[in-house]
Asker: 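Sharing a structure below in structure tokens format, with a few things to ask.
Values below: every heavy atom of this structure, side chains too, minus hydrogens, waters and symmetry copies. Bear in mind that the values here come from a model prediction, so they are computed numbers and not experimental data. When a ligand or atom number is given, it counts from 1 through the structure's own listing order.
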Amino acid sequence: MSKLYDVIIIGAGPAGLSAGLYAARAKMSALIIEKDRNGGQIVTTEEVANYPGGIKDETGPSLVARMVEQVEEFGAERVKATVLDVNLNEDIKVVKCEGAEYQAKAVIIATGASPRKMGCPGEKELTGKGVSYCATCDADFFTDFEVFAIGGGDTAVEEAMFLTKFARKVTLVHRRDELRAAKSIQEKAFKNEKIDFIWNSEIAEIKGDGMVESIVIKNRETGELTEHHAHEDDGTFGIFVFVGYIPQTSLFKDKIELDQTGYILTDVDMKTNVEGVFGAGDVRQKSLRQVVTAVADGAIAAVQAEKYIDNKFGH
Ligand code: NAP
């Protein structure tokens with residue numbers, strides 16, 4: 001029989017680590033399961049600029065390293081494993097990994113969401129070197145530079161407008177001849193003199209030696225390829241990709257309530273529709289996906305898990 005934990009946290013990004021910290025500080029036995037590296041999306045950010053109060057000289061990886069250290073100091077256990085299946089319906093929840101099965105009175109799902117990639121050559125290699133998936137995080141680096149925004153949904157158009165506060169020019173590239181974004185958002189963007197539009201086009205390639213230096217744009221109707229080079233005084237420019245997000249919820253489909261796009265539905269206490277199961281961070285339906293909101297979700301989920309366990313099992 002495997003050990004019974006008070007709470008199992010799936011995912012070790014900021015939400016999961018924060019949940020682990022609050023759970024362990026509340027003297028609950030907590031296990032954090034992470035399939036990949038700790039930290040989630042934040043480890044792809046060099047500078048954590050927009051954290052309240054500022055974290056001087058902090059990088060995404062160093063912030064995560066301190067979060068992990070803190071969680072361990074308070075006694076949360078951690079294991080690197082891929083969760084293959086979950087049984088969440090009984091009072092005792094079961095989380096199955098390859099070669100191991102874990103049990104808990106409550107489960108906090110903090111598996112995150114990943115920005116969808118375009119999949120063109122150069123995108124992966126130049127991520128963090130001019131290619132970004134987060135304007136809030138990285139727009140400041142492109143103050144007075146040129147930037148491209150890719151996509152035609154609400155995120156792409158809103159973020160393109162946000163980018164105009166920093167960049168001297170924003171070019172939005174969309175694969176069709178009309179935007180998917182809400183009309184009200186479109187209208188504002190069309191009025192913004194700093195935004196140019198390239199229609200019916202996709203990114204064929206991103207080139208650069210260490211930093212983005214050029215982008216190859218393919219017209220989907222004519223097949224014509226156009227290469228745009230960085231201005232020689234700049235040497236580089238930004239490419240912000242907003243072609244949707246993919247919540248990491250395939251394990252939970254048909255087990256807990258998700259919205260149409262796959263995000264977990266929770267109430268303000270991070271409770272899902274299944275008793276004893278909580279969602280925290282980017283994986284849940286919410287309006288702002290940032291470290292500050294993720295760590296807040298994790299803290300709330302852990303405190304609510306403790307209350308649930310007290311009521312249900314008498315701690
Ligand atoms: P989205 O609505 O799924 O839009 C993704 C955009 O990327 C679409 O324009 C799509 O083109 C394009 N795209 C997808 N795959 C692509 C690829 N491989 N290459 C190039 N382009 C690609 O995603 P989102 O804009 O992130 O929004 C997600 C959800 O959040 C939506 O429900 C949205 O309404 C909501 N949201 C709301 C607000 C707001 O209300 N203020 C703000 C942000 C987000 P097509 O149009 O051709 O499919």
Side-chain angles (χ1 to χ4, degrees), residues 40-41 44 50 111-127 130-139 147-165 170-192 195-207 212 215-228 238-250 253 257-266 279 281-290 292-294 297:
Q41 290 183 58
T44 63
N50 56 333
T111 46
S114 317
R116 184 179 289 125
K117 310 288 187 289
M118 297 181 295
C120 69
E123 180 182 17
K124 192 172 171 199
E125 295 77 4
L126 291 163
T127 292
V131 176
S132 171
Y133 301 87
C134 175
T136 317
C137 317
D138 297 330
V147 304
F148 286 78
I150 320 300
D154 288 337
T155 305
V157 180
E158 283 198 333
E159 297 303 292
M161 286 191 280
F162 175 74
L163 284 163
T164 62
K165 295 179 182 167
V170 177
T171 304
L172 190 132
V173 183
H174 182 38
R175 64 182 178 183
R176 291 184 295 127
D177 64 356
E178 60 174 358
L179 298 171
R180 174 181 294 279
K183 287 280 179 284
S184 56
I185 298 174
Q186 292 190 29
E187 278 166 19
K188 283 190 202 152
F190 290 139
K191 280 185 195 150
N192 190 319
I195 304 180
D196 276 353
F197 294 85
I198 297 180
W199 303 106
N200 297 314
S201 296
E202 62 192 18
I203 307 311
E205 188 173 358
I206 301 168
K207 298 182 189 173
V212 167
I215 187 171
V216 181
I217 299 169
K218 181 181 177 184
N219 184 303
R220 283 158 53 99
E221 289 189 327
T222 63
E224 187 188 355
L225 295 173
T226 309
E227 185 162 1
H228 175 91
I239 300 171
F240 286 82
V241 182
F242 305 113
V243 297
Y245 290 84
I246 304 173
Q248 306 297 299
T249 49
S250 51
K253 204 167 169 264
E257 203 180 342
L258 308 176
D259 74 7
Q260 282 179 338
T261 46
Y263 290 98
I264 294 175
L265 291 169
T266 69
D282 285 5
V283 75
R284 73 181 191 93
Q285 188 192 65
K286 63 196 292 194
S287 61
L288 181 65
R289 296 193 168 86
Q290 293 278 287
V292 282
T293 62
D297 284 3

Asker: Check ring-ring contact (aromatic ring centres under 6.0 Å, His included) between F240 and all other residues, then give those that pass, not counting sequence neighbours.
Answerer: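 For F240, the residues satisfying ring-ring contact (aromatic ring centres under 6.0 Å, His included) (neighbours in sequence not counted) are F142.
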Asker: Going by a strict under-4.0 Å cutoff (protein heavy atoms only), does atom 15 (N) of ligand 1 have a neighbour on the protein?
Answerer: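 It does: a protein heavy atom is found less than 4.0 Å away from atom 15 (N) of ligand 1.
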Asker: Take atom NZ in K188; do more than 12 heavy atoms of anything else shown fall under 6.0 Å from it?
Answerer: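 Atom NZ in K188 is not crowded, with 12 or fewer foreign heavy atoms closer than 6.0 Å.
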Asker: Measure from atom 31 (C) of ligand 1 to the protein's non-hydrogen atoms and state whether any distance is below 4.0 Å.
Answerer: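 No; the ligand atom in question lacks any protein heavy-atom contact below 4.0 Å.
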Asker: State, yes or no, whether a side-chain contact exists between F148 and I217 at a heavy-atom distance under 4.5 Å.
Answerer: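 Yes. Closest side-chain heavy atoms under 4.5 Å.
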Asker: So is there a nitrogen or oxygen of R176 less than 3.5 Å from a nitrogen or oxygen in ligand 1?
Answerer: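 Yes; the residue has a nitrogen or oxygen that sits under 3.5 Å from a nitrogen or oxygen of the ligand.
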Asker: Under 3.5 Å, which donor-acceptor pairs link side chains of residues 155-163 to any protein atom two or more places apart or in another chain?
Answerer:
none

Asker: Pick whichever of E159, R289, Q260, R180 has a heavy atom sitting closest to atom 2 (O) of ligand 1.
Answerer: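 That would be R180.
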Asker: Mark the output for E158 as yes if a heavy-atom distance to ligand 1 is under 4.0 Å, and as no if none is.
Answerer: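 So E158 counts as touching ligand 1.
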Asker: Does any N or O of ligand 1 fall below 3.5 Å from an N or O anywhere on G152, backbone included?
Answerer: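 In this structure, G152 places an N or O atom under 3.5 Å from an N or O of ligand 1.
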Asker: Pull out every atom of ligand 1 sitting under 4.0 Å from any heavy atom of F242, numbered as shown with elements.
Answerer: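 Checking each atom against F242, I get 7 (O).
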Asker: Does the plane of the ring in W199 sit parallel, tilted or perpendicular to the ring in F190? Use 30° and 60° as the thresholds.
Answerer: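 Tilted: the ring planes of W199 and F190 meet at 30° to 60°.
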Asker: In the protein, which heavy atom is nearest to atom 17 (C) of ligand 1, and how far is it?
Answerer: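 The answer is R175 NH1, 3.7 Å.
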Asker: Is the closest side-chain heavy-atom distance between D297 and K286 below 4.5 Å?
Answerer: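 Yes. Closest side-chain heavy atoms under 4.5 Å.
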Asker: Counting only nitrogen or oxygen atoms and a 3.5 angstrom limit, does T155 reach ligand 1?
Answerer: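 N/O-N/O distance under 3.5 Å: yes.
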Asker: Which residue and atom name correspond to the protein heavy atom nearest atom 21 (N) of ligand 1, and how close is it?
Answerer: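 Checked against all protein heavy atoms, atom 21 (N) of ligand 1 sits closest to V243 CG1, 3.3 Å.
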Asker: Which of the atoms of ligand 1 are close to G244, meaning less than 4.0 Å from one of its heavy atoms?
Answerer: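 Close to G244: 5 (C), 23 (O), 26 (O).
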Asker: G153 versus ligand 1: do any nitrogen or oxygen atoms come within less than 3.5 Å of each other?
Answerer: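 Checking ligand 1 against G153, an N or O pair does fall under 3.5 Å apart.
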Asker: Once you round to the nearest 0.5 Å, how far does CD of Q186 lie from CG of D154?
Answerer: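 These two atoms lie 9.0 Å from each other.
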Asker: Which protein non-hydrogen atom lies closest to atom 33 (C) of ligand 1, naming both residue and atom, and how far is it?
Answerer: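 The protein heavy atom lying closest is D154 OD2, 3.3 Å.
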Asker: Quick one, L179 and L172 - any side-chain contact, counting heavy atoms below 4.5 Å?
Answerer: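 Side chain of L179 against side chain of L172, heavy atoms only: contact under 4.5 Å found.
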Asker: Using a 3.5 Å distance criterion without hydrogens, assess whether the side chain of R220 forms a donor-acceptor pair with backbone atoms of N200.
Answerer: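 Such a contact is absent between R220 side chain and N200 backbone.
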